[in-house]
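What follows is a set of notes on a single structure, which appears directly below.
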Amino acid sequence: MSDSVATNTSTAPAAAPTFDQFGLSADILKAVRESGYTTPTPIQAQAIPVVLAGRDVMGAAQTGTGKTASFSLPIIQRLLPSANTSASPARHPVRALMLTPTRELADQVAANVQTYSKHTPLRSTVVFGGVDMNPQSDALRRGVEILIATPGRLLDHVQQKTVNLGQVQMLVLDEADRMLDMGFLPDLQRILNLLPKERQTLLFSATFSPEIKKLASTYLRNPQTIEVARSNSTNANVRQIVYEVHESDKSGAVAQLIRERELKQVIVFCNSKIGASRLARVLEKDGIVATAIHGDRSQSERMQALDAFKRGEIEALVATDVAARGLDIAELPAVINFDLPFNAEDYVHRIGRTGRAGASGDALSLCSANERKQLADIEKLIKRPLQVEPLEVTIRARRDASAPRRDERFGRPERTEHRHSPRDESGPRRRTTGTHDRPRGRQQPIDEFFLKPYEPSPSAMKRQEETVEPERKSAPKQPLAALLGGLGMPRKS
DNA sequence: AAAAAAC
């Protein structure tokens with residue numbers, strides 16, 4: 001057998017592949033059929049046989065490629081032989097554990113597992129923070145074979161002794177890079193130390209950074225690498241446009257894009273929680289049904305917002321990057337970046353919410369003059385320039401009701417912008433020349449910021465050199481490597 | 001710079 005699954009596809013070249021080819025049980029296939037799936041996606045075609053064979057997997061798959069099913073289906077299959085209908089909790093120990101970085105993602109994975117296992121005697125449940133522990137504890141005490149969790153709450157349950165991980169045979173680390181980004185490494189290590197050494201481990205990550213590789217070499221055994229789409233690449237189904245706008249025009253621009261393009265549903269990404277809440281309120285004032293979702297909202301508000309959005313009751317879901325990864329919203333026609341993300345990888349994840357499952361989608365990004373660095377970073381990451389267009393913003397977004405109100409003359413497009421404080425104008429504008437003669441009250445020309453490629457100013461370069469050079473500036477990186485390296489029990493391949 | 005996650 002070839003060691004590379006990617007090149008081992010010559011056995012079934014022409015005929016459309018089906019789920020029947022994997023030898024999955026009839027109960028699983030029935031659930032797959034009822035979900036409406038007939039043809040496995042590339043990641044599924046590659047991963048399912050490898051997982052069924054019991055091998056460890058290092059998977060790089062974009063979200064929206066059917067990744068969840070690619071590990072859930074074979075895991076359910078592998079657990080089936082010892083599944084039983086006994087009511088005794090002792091007969092239902094946790095044998096598969098799936099960890100995700102965010103609560104919403106955990107919930108979503110759990111829903112998938114529930115769906116695919118519904119015709120089997122296997123039990124599953126999900127535990128994450130922000131909600132009452134007691135129902136989770138009850139479910140755990142009744143016994144589940146498959147447990148989906150966020151790391152913190154799982155450890156909480158471990159401490160409460162409501163769950164025992166001593167019989168886990170299969171572990172999934174979903175969005176592993178994100179978990180490391182979020183500082184979950186110590187929690188992951190604590191959890192991993194509770195698991196049997198003899199187990200199957202599946203690690204999925206958008207990128208194979210050195211940290212991820214280190215994690216994999218520590219905890220995976222001779223993993224099979226599976227890569228369906230190059231990481232850091234963006235889906236060809238997604239049309240990407242960047243609109244040049246002034247920071248102060250962004251709210252109006254969002255409302256305008258939603259109206260002009262008649263977007264029935266859209267996720268609007270903001271860089272801050274406050275910004276997301278504010279934009280949601282502004283859009284509501286403009287008659288667009290909008291709700292914010294971010295980490296400062298209660299878990300029930302978050303779940304309500306997501307459910308309502310999935311039901312189509314909300315037009316604009318205004319989100320922070322809590323919603324950037326993994327969330328699967330069927331037929332989402334577009335995402336809008338209100339802000340360009342500071343981290344270019346997050347751009348790829350954000351726009352991956354649209355154009356899923358073969359559908360087409362639009363990724364519309366607003367870029368103000370002081371976001372050129374982010375734009376340059378994104379283009380560098382995805383290795384191609386983005387289409388940049390000016391956007392004439394004619395909608396003057398209604399101001400946030402909670403913001404100080406100095407001018408009630410809404411609806412007058414020619415109205416001059418009175419509320420510019422010097423602070424709002426930080427960044428490039430102050431160091432530019434030739435803008436003093438612009439017509440008063442009209443937008444300052446921004447073309448000059450976009451026409452020439454981004455170059456850090458000499459002073460910025462200098463600052464960077466100064467900050468990078470000293471040893472202790474790189475010190476925060478140390479704990480990660482130290483933690484990984486000092487963990488003992490390195491696995492031999 | 002910001003966000004996420006256990007109480």
Side-chain angles (χ1 to χ4, degrees), chain A residues 98-109 126-137 140 147-163 173-191 194 206 247 267-279 292-299 301-303 305-306 317-327 337-350 353 367-378 423-424 426-428 456 460 463-464 467 473 476:
Chain A
M98 305 174 178
L99 299 177
T100 73
T102 67
R103 300 165 181 174
E104 278 77 10
L105 200 49
D107 208 27
Q108 183 178 291
V109 171
V126 59
V127 303
F128 51 75
V131 295
D132 192 354
M133 270 189 90
N134 291 322
Q136 298 177 355
S137 302
L140 290 171
L147 177 58
I148 301 95
T150 48
R153 179 55 70 92
L154 177 64
L155 284 169
D156 215 348
H157 280 290
V158 167
Q159 234 168 9
Q160 308 271 326
K161 301 227 190 300
T162 43
V163 68
L173 301 173
D174 198 11
E175 306 276 357
D177 52 339
R178 184 59 153 194
M179 288 202 271
L180 293 191
D181 286 349
M182 288 167 58
F184 273 139
L185 182 60
D187 283 352
L188 289 184
Q189 289 174 329
R190 250 171 255 139
I191 293 166
L194 298 167
E247 197 61 44
I267 298 183
V268 187
F269 285 104
C270 298
N271 283 358
S272 75
K273 294 180 277 199
I274 290 173
S277 282
R278 190 183 297 142
L279 178 61
I293 182 168
H294 57 67
D296 275 355
R297 302 204 71 193
S298 74
Q299 195 54 38
E301 287 172 322
R302 280 163 63 165
M303 292 192 286
L306 195 56
L317 185 67
V318 188
T320 59
D321 282 321
V322 68
R325 296 202 184 205
L327 287 195
N337 286 308
F338 180 85
D339 299 307
L340 287 181
F342 292 119
N343 186 343
E345 268 172 29
D346 285 333
Y347 173 84
V348 179
H349 290 289
R350 287 180 179 186
R353 295 315 98 221
C367 180
S368 68
N370 52 16
E371 289 177 297
R372 292 178 54 230
K373 166 98 168 70
Q374 284 111 293
L375 180 58
D377 286 348
I378 290 164
R423 234 208 310 264
D424 290 334
S426 61
R463 265 200 311 280
Q464 191 162 15
T467 52
K473 281 292 174 190

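So that the names make sense, note that chain A is the first sequence line, chain B the second, and so on, each numbered from 1.
- Across all strands, A/Gly183 comes closer than 4.0 Å to no nucleic acid atom at all (heavy-atom distances).
- A salt bridge links A/Arg325 and A/Asp177; the closest N-O separation between the charged side-chain nitrogens and carboxylate oxygens is under 4.0 Å.
- Residue A/Lys373 has no polar side-chain atom (N or O) positioned under 4.0 Å from OP1 or OP2 of B/dA1.
- When the P atom of B/dA4 is taken as reference, atom CG of A/Leu180 falls 18 Å away, rounded to whole Å.
- What separates CD of A/Gln159 from P of B/dA6 is a distance of 14 Å, to the nearest Å.
- Between the CZ atom of A/Arg178 and the P atom of B/dA2 there is a distance of 15 Å, given to the nearest Å.
- A close approach under 4.0 Å does occur between a side-chain nitrogen or oxygen of A/Thr320 and OP1 or OP2 of B/dA4.
- Remark: A/Ser137 pairs with no residue by the side chain to side chain donor-acceptor pair (under 3.5 Å) rule, at least two apart or across chains.
- Contact detail for A/Val131 and A/Gln299: the closest heavy-atom pair is CG1-CG, 3.6 Å.
- A salt bridge does not link A/Asp296 with A/Arg302: every distance from a Lys NZ or Arg NE/NH1/NH2 to an Asp or Glu carboxylate oxygen is 4.0 Å or more.
- If you check B/dA2, B/dA4, B/dA6 against the side chain of A/Phe342, the one that comes closest is B/dA2.
- Comparing atom distances between the A/Asp156 side chain and each of B/dA2, B/dA6, B/dA5 picks out B/dA6 as nearest.
- The phosphate of B/dA5 (OP1 or OP2) has a side-chain N or O of A/Arg302 nearer than 4.0 angstrom.
- The listed nucleotides are B/dA4, B/dA5, B/dA2; the one nearest the side chain of A/Asp346 is B/dA2.
- Atom CE in A/Met182 sits roughly 5 Å away from atom P in B/dA5 (whole-Å rounding).
- In this structure, A/Ile293 places its CD1 atom 13 Å from C1' of B/dA3, rounding to the nearest Å.
- The nearest whole Å value for the distance from the CZ atom in A/Arg190 to the P atom in B/dA5 is 17 Å.
- The CG atom of A/Leu154 sits 10 Å away from the P atom of B/dA6 (whole-angstrom rounding).
- Remark: A/Thr150 is in phosphate contact with B/dA6, judged by side-chain N or O atoms under 4.0 Å from OP1 or OP2.
- Whole-Å rounding puts the A/Leu340 CG to B/dA2 P distance at 16 Å.
- Contact annotation for A/Asp321: no contact, since no heavy-atom pair falls under 4.0 Å across all strands.
- Residues satisfying the salt bridge (Lys or Arg N to Asp or Glu O under 4.0 Å) test with A/Arg103, not counting sequence neighbours, are none.
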